[in-house]
Peer 1: 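Would you mind keeping the following structure in view while I ask a few things?
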Amino acid sequence: METGKRVTKRRAETRQRLLEAALTVFAEEGFGRSTVEQVCDRAGYTRGAFYSNFASLDELFLAMWEQRSQELVTGMRTTFDELADSELHDVRSVVERLLPAIPLDDVWYRVSAEFTAHALRNPGLRRVMAAREEAILAAVIPYLEALLARIGRTVPDPVALGQALIAVHDGTAVQCLMEPDNATVWQRRTDLAVQVVTAYSTGGKQ
């Protein structure tokens with residue numbers, strides 16, 4: 001008879017394999033054309049295994065997004081720790097050190113963009129995604145505020161700054177993914193982020 005710990009571990013492994021399989025299927029087929037059966041086939045599980053972990057593909061995607069969000073916050077925390085003893089001179093030096101901690105992933109972009117379009121047609125999902133995005137910003141923005149404080153700058157409206165940076169990220173992501181080897185495109189992404197952070201913070205060095 002299996003112990004509770006073994007059952008819990010096996011369930012976690014099953015859930016993770018389903019998440020990984022779903023990411024591949026969503027990226028290849030498109031979220032709207034993907035099915036539970038396709039995800040199960042890719043993961044090597046039955047429908048029963050799927051439904052013992054997720055009620056629907058929508059719920060699976062939200063779990064996937066939550067996992068990615070946690071990885072983002074962890075990456076920001078690691079970067080912040082690494083910068084503890086680094087010299088920061090101005091806004092650009094802050095942005096240039098933090099921006100690489102926000103990954104640009106072609107596969108994830110394709111999947112998340114499609115799901116966002118799907119959520120816009122579903123008021124319930126739209127509210128859930130908006131709430132989760134707010135939670136991500138609440139976790140990440142304090143790291144940026146702390147680094148800006150080291151150069152004497154403060155952020156009067158953290159929410160506004162967070163929303164502006166999301167706009168920068170989303171707006172430049174496609175350009176960078178379309179031309180991944182174009183250094184000019186990546187530089188413009190950095191320049192725009194610097195301008196936004198400067199505009200939404202006050203005092204100290206620019």
Side-chain angles (χ1 to χ4, degrees), residues 23 61-113 115-117 119-120 126-206:
L23 179 63
F61 177 83
L62 291 173
M64 188 186 298
W65 193 32
E66 183 68 26
Q67 186 178 74
R68 299 281 297 203
S69 300
Q70 290 174 355
E71 291 172 356
L72 172 62
V73 173
T74 298
M76 291 290 285
R77 185 181 299 117
T78 299
T79 299
F80 181 75
D81 290 341
E82 291 172 348
L83 292 176
D85 300 320
S86 299
E87 274 193 64
L88 299 173
H89 306 287
D90 50 24
V91 172
R92 180 170 294 276
S93 64
V94 172
V95 170
E96 287 179 342
R97 285 164 173 77
L98 277 185
L99 209 54
I102 304 173
L104 274 183
D105 182 332
D106 176 71
V107 170
W108 176 245
Y109 183 85
R110 278 182 275 150
V111 173
S112 59
F115 189 83
T116 298
L120 287 172
R126 191 165 62 227
R127 286 191 293 271
V128 170
M129 290 191 71
R132 292 195 176 187
E133 188 169 87
E134 289 173 4
I136 295 170
L137 288 178
V140 169
I141 289 299
Y143 293 112
L144 176 56
E145 288 185 280
L147 292 178
L148 290 173
R150 287 172 53 185
I151 59 170
R153 295 187 71 81
T154 59
V155 180
D157 190 341
V159 173
L161 173 59
Q163 291 175 339
L165 287 175
I166 287 176
V168 170
H169 172 75
D170 292 350
T172 60
V174 175
Q175 296 171 344
C176 291
L177 291 172
M178 286 289 188
E179 300 184 75
D181 299 321
N182 188 334
T184 300
V185 171
W186 288 88
Q187 185 60 52
R188 287 173 182 159
R189 169 180 166 85
T190 300
D191 292 344
L192 184 55
V194 169
Q195 290 182 37
V196 166
V197 172
T198 301
Y200 283 86
S201 61
T202 59
K205 297 179 180 179
Q206 294 185 10

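Computed from a predicted structure; not experimentally measured.
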Peer 1: Name every donor-acceptor pair, under 3.5 Å, that has one atom in a side chain of residues 66-74 and the other anywhere in the protein, sequence neighbours excluded.
Peer 2:
residue, atom, partner, partner atom, Å
Gln67, NE2, Gln16, OE1, 2.7
Ser69, OG, Trp65, O, 2.8
Thr74, OG1, Gln70, O, 2.9

Peer 1: Tell me, please, which residues at least two apart from Ser86 pass side chain to side chain donor-acceptor pair (under 3.5 Å).
Peer 2: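 Side chain to side chain donor-acceptor pair (under 3.5 Å) check on Ser86 returns nothing, list empty.
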Peer 1: Please name the pair of heavy atoms, one in Met129 and one in Ala119, separated by the smallest distance, quoted to 0.1 Å.
Peer 2: SD-CB, 3.4 Å
Peer 1: Are the side chains of Val194 and Val94 in contact, using a 4.5 Å heavy-atom criterion?
Peer 2: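 They are not in side-chain contact.
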Peer 1: How would you list, by chain and number, every residue that makes a side-chain contact (heavy atoms from CB on, under 4.5 Å) with Glu179, sequence neighbours excluded?
Peer 2: Asn182, Val185
Peer 1: Could you work out, with side-chain contact (heavy atoms from CB on, under 4.5 Å) as the rule, every residue matching Val128, not counting sequence neighbours?
Peer 2: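 Partners of Val128 by the side-chain contact (heavy atoms from CB on, under 4.5 Å) criterion, ordered by chain and then number, come out as Leu62, Arg132.
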Peer 1: Could you tell me whether the side chain of Pro156 reaches within less than 4.5 Å of the side chain of Thr202, counting heavy atoms only?
Peer 2: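 Thr202 vs Pro156: side chains touch.
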Peer 1: Checking Thr172 now: which residues fulfil side chain to side chain donor-acceptor pair (under 3.5 Å) with it, not counting sequence neighbours?
Peer 2: Arg189
Peer 1: Output a table of donor-acceptor pairs, distance under 3.5 Å, between side-chain atoms of residues 96-108 and any protein atom two or more places apart or on a different chain; print 'none' if there are none.
Peer 2:
residue, atom, partner, partner atom, Å
Arg97, NH1, Ser93, O, 3.0
Asp105, OD1, Val107, N, 2.9
Asp105, OD1, Trp108, N, 3.3
Asp106, OD2, Arg110, NE, 3.1
Asp106, OD2, Arg110, NH2, 2.8

Peer 1: Taking side chain to side chain donor-acceptor pair (under 3.5 Å) as the test, write out the residues that go with Glu87, two or more places apart.
Peer 2: none
Peer 1: With sequence neighbours excluded, give me every ring-ring contact (aromatic ring centres under 6.0 Å, His included) pair touching residues 140-177.
Peer 2: Phe80-Tyr143
Peer 1: Answer yes or no: is there a side-chain heavy-atom contact under 4.5 Å between Glu133 and Ile166?
Peer 2: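 Yes. Closest side-chain heavy atoms under 4.5 Å.
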Peer 1: Considering non-hydrogen atoms only, spot the tightest contact between Val196 and Ala164 and give its length.
Peer 2: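 Smallest heavy-atom distance, with atoms named: CG1-CB, 3.6 Å.
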Peer 1: My understanding is that only residues two or more places apart in sequence, or in another chain, count here; which of them pass side chain to side chain donor-acceptor pair (under 3.5 Å) with Asp191?
Peer 2: Arg92, Gln187
Peer 1: When rounded to the nearest 0.5 angstrom, what is the spacing between OH in Tyr200 and CD in Gln195?
Peer 2: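 The distance works out to 12.5 Å.
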Peer 1: Using 0.5 Å steps for rounding, measure from the OG1 atom of Thr190 to the CZ atom of Arg188.
Peer 2: 12.0 Å
Peer 1: Going through the distances and angles, do Leu148 and Val197 end up as a side chain to side chain contact (heavy atoms under 4.5 Å, CB included)?
Peer 2: CA-CA 9 Å; Leu148 290 173; Val197 172; 3.8 Å; yes
Peer 1: Please find the pair of heavy atoms, one from Val155 and one from Ser201, that lie closest to each other, and give the distance.
Peer 2: CG2-CB, 4.3 Å
Peer 1: Can you tell me how far apart CG (Leu144) and CZ (Arg153) are? Round to the nearest 0.5 Å.
Peer 2: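 Going from CG on Leu144 over to CZ on Arg153, the span is 11.0 Å.
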Peer 1: Measuring from atom CD1 of Ile141 to atom CE of Met76, what distance do you get when rounded to the nearest 0.5 angstrom?
Peer 2: 7.5 Å
Peer 1: Using the side-chain contact (heavy atoms from CB on, under 4.5 Å) criterion, which residues pair with Ala149? Sequence neighbours excluded.
Peer 2: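 Once residues adjacent in sequence are excluded, Ala149 has no partner under the side-chain contact (heavy atoms from CB on, under 4.5 Å) criterion.
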